[in-house]
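Heads up: the structure comes next, in structure tokens.
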Protein chains: 2
Amino acid sequence: MTSFTEENYLKAIFKINEKTSKPASTNGIALQISTSAASVTDMLKRLAEKELINYEKYKGVTLTPVGNKIATNLIRKHRLWEVFLVNKLNFSWEQVHDIAEDLEHIKSDSLIQRLDNYLGNPRFDPHGDPIPNAEGKFMIRNQTSLDQLSAKQKGVLVGVSQHQLEFLQYLNELEIKLGSEFEIISITSFDKSVKIRKDGMVDITLSHEVTKNLLVKKLV
Amino acid sequence: MTSFTEENYLKAIFKINEKTSKPASTNGIALQISTSAASVTDMLKRLAEKELINYEKYKGVTLTPVGNKIATNLIRKHRLWEVFLVNKLNFSWEQVHDIAEDLEHIKSDSLIQRLDNYLGNPRFDPHGDPIPNAEGKFMIRNQTSLDQLSAKQKGVLVGVSQHQLEFLQYLNELEIKLGSEFEIISITSFDKSVKIRKDGMVDITLSHEVTKNLLVKKLV
DNA sequence: TACTATTTTTAGATTAGTCTAAAAATAACC
DNA sequence: GGTTATTTTTAGACTAATCTAAAAATAGTA
Ligand SMILES: [Mn+2]
Ligand SMILES: [Mn+2]
Ligand SMILES: [Mn+2]
Ligand SMILES: [Mn+2]
């Protein structure tokens, strides 16, 4: 059996591998888990022993197929629970991550299968992140960050690449949510800030810090 | 913060106190948690240190008000999750205990408050056990075990005092569920086995081992 | 009351997971 | 290419939770 702690390491390694497309470094994992590098090295030995990771001293780590299965399953559970919390219990999208962080460790395949079914087999979570299927496959979606669009182009919000509380709350204030439609009105070359028309209604100016974290599907 | 393990000890002590109306013994707790008496003594010291239990060497333990609050809250969460699993995810009553045993440790007051609301503020769980309110108060219900009824008396099933898998599956086979109505047809004095008429339809013979674990509300 | 059986506690070890400080390996730079 | 700087690993210690075996306390009984 994999412990709560081991699971968190596997998930961290998965996320780093995914984001950087490189083996995860000891320091990178330590940062992600908020622990010391020494603790990470300790745990890497144990995970390698269990054949959940490929680990060579000083060379960084990747997941074995078994480790990958566990990690993607955690992400699947995390995102399904987030859908439950938002769609059924009416939590807001910025409130659910921490709770899902605990719920994802509940070990019951039948529970997840039934939950998935109960929620209508959702393919994306409340933040627009894809929910891997039971085999760990992720759905690929055509998307760009909003800062890649040029004037007059339109897009619909399908996700966010930042999950920080303050960011999501800021979007709430602007009434920007998944499904919101944007038309680029103008772009300031100096600071890359963008004036957009939201849902054909209101014009809002967004900083580059914001637009680069908004994932949109281009509209023709 | 109270750990997963500490919570399980508090719940075990609560259950023993409730069942025996006496301080819980070291061996009693060890049996309940499936651990050694030495481990229990260790943990009792720690829980006493945290002022969650009243503990005097060799004298057994009871819960302090704070310990009691934690224990009843665990039972509240456990039973609410069981309702969710049965009513929303269509699990059967004999499948939910183990999953709820994990879910009960999820720490989020808003989650439980919303879950309670979502389920329609149920007052009893799928096994007929009362769900304590947020203050830890249990609803008292007028009930007797079926073996206390005499011939010609009628009762409706409101709970079971045995939650073992095999017992619940046996009841499933006989199509006995909460709400089932019984009329006592006859009682065999030799072994206290009872012939009942279920829902005015079928006659079944139940052993004393079964009838003593069926909790009914008498009907006039 | 004295002896025996049972229960409970202590003593001492073990394992998972963590830490700090120091040593070793690798990467960066002049 | 040699010297720093950074990263990673090792060494050694700590805590929570567990165990077995032995000692101490309590309960049961003749
Ligand atoms: Mn999340
Ligand atoms: Mn998410
Ligand atoms: Mn239960
Ligand atoms: Mn129950």
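Numbers restart at 1 for each chain; the letters A, B, ... are given by sequence-line order, proteins then strands.
Residue B:S36 has no polar side-chain atom (N or O) positioned under 4.0 Å from OP1 or OP2 of D:dT20. Remark: B:S3 is in phosphate contact with D:dA17, judged by side-chain N or O atoms under 4.0 Å from OP1 or OP2. Under 4.0 angstrom from either OP1 or OP2 of C:dT18 there lies at least one side-chain N or O belonging to A:Y9. Between B:T26 and C:dT9 there is a side-chain N or O to OP1 or OP2 distance below 4.0 Å. Neither OP1 nor OP2 of C:dT26 sits under 4.0 Å from any side-chain N or O of A:K57. For D:dT8, the OP1/OP2 oxygens have a side-chain nitrogen or oxygen of A:N27 closer than 4.0 Å. In terms of phosphate contacts, B:T41 brings no side-chain nitrogen or oxygen within less than 4.0 Å of OP1 or OP2 of C:dT8. Close to C:dG17, at under 4.0 Å from its OP1 or OP2, lies a side-chain N or O of A:R46.
In this model, no donor atom of one side chain and acceptor atom of the other lie less than 3.5 Å apart for B:D125 and B:W93. Side-chain N/O atoms of A:S207 and A:E209 include no donor and acceptor closer than 3.5 Å. Looking only at atom types and distance, the side chain of B:H105 has a donor-acceptor partner in the side chain of B:N8 under 3.5 Å away.
If you measure from atom NZ of B:K59 to atom C1' of D:dA27, you get 13 Å, rounded to the nearest angstrom. Separating the NZ atom of B:K50 from the C1' atom of D:dT15 is a distance of 12 Å, rounded to the nearest angstrom. Rounded to whole angstrom, the span from the OH atom of A:Y55 across to the P atom of D:dT8 amounts to 9 Å. Computed from coordinates, the A:E56 CD to C:dA25 C1' distance equals 14 Å when rounded to whole Å. Between the CD1 atom of A:I29 and the P atom of C:dT18 there is a distance of 13 Å, rounded to whole Å. Distance, B:I33 CD1 to D:dA17 P: 12 Å, rounded to whole Å. Regarding A:M1, its CE atom lies at a distance of 15 Å from the P atom of C:dA16, rounded to whole Å. To the nearest angstrom, P of D:dT8 lies 10 Å from CG of A:L44.
If you check every strand for non-hydrogen atoms under 4.0 Å, B:F4 touches nothing. Residue-level contact check: B:T5 touches the backbone only, with heavy atoms under 4.0 Å from sugar-phosphate atoms and none from bases.
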Could you walk me through whether B:S193 and B:D191 satisfy the side-chain hydrogen bond (donor to acceptor under 3.5 Å, both in side chains) test, starting with their C-alpha distance in whole Å, then the side-chain angles of each, then the deciding distance to 0.1 Å, before giving a yes or no? CA-CA 5 Å; B:S193 68; B:D191 64 355; 2.9 Å; yes

Can B:E104 and B:K11 be said to form a salt bridge (Lys or Arg N to Asp or Glu O under 4.0 Å), step by step? CA-CA 11 Å; B:E104 73 187 13; B:K11 207 175 49 151; 2.7 Å; yes

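The heavy-atom pair separating A:M43 from A:T5 by the smallest distance is CE-CG2, 3.8 Å.
Each end of the helix from C:dT1-D:dA30 to C:dC30-D:dG1 yields a helix axis from five base pairs, and these two axes differ in direction by 0° (to the nearest 10 degrees).
A:H127 pairs in a side chain to side chain donor-acceptor pair (under 3.5 Å) with only one of the listed residues (A:H97, A:Q162, A:E82), which is A:E82.
Ring geometry for A:F84 versus B:W81: interplanar angle of 30 to 60°, hence tilted.
For CG of B:N142, the number of neighbouring non-hydrogen atoms (other residues, nucleotides, ligands) closer than 6.0 Å is 12 at most.
Of the candidates D:dT18, D:dA17, C:dT18, D:dT18 carries the atom nearest the B:D42 side chain, counting heavy atoms from C-beta on. If you check D:dT10, C:dG17, C:dA11 against the side chain of A:K45, the one that comes closest is D:dT10.
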Restricting to nitrogen or oxygen on both sides, can you table the protein-nucleotides 22-24 of chain D pairs closer than 3.5 Å?
none

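Taking the centre and axis of the six-membered ring of B:F14, the NZ or CZ atom of B:K19 falls outside the cone set by 45° and 6.0 Å.
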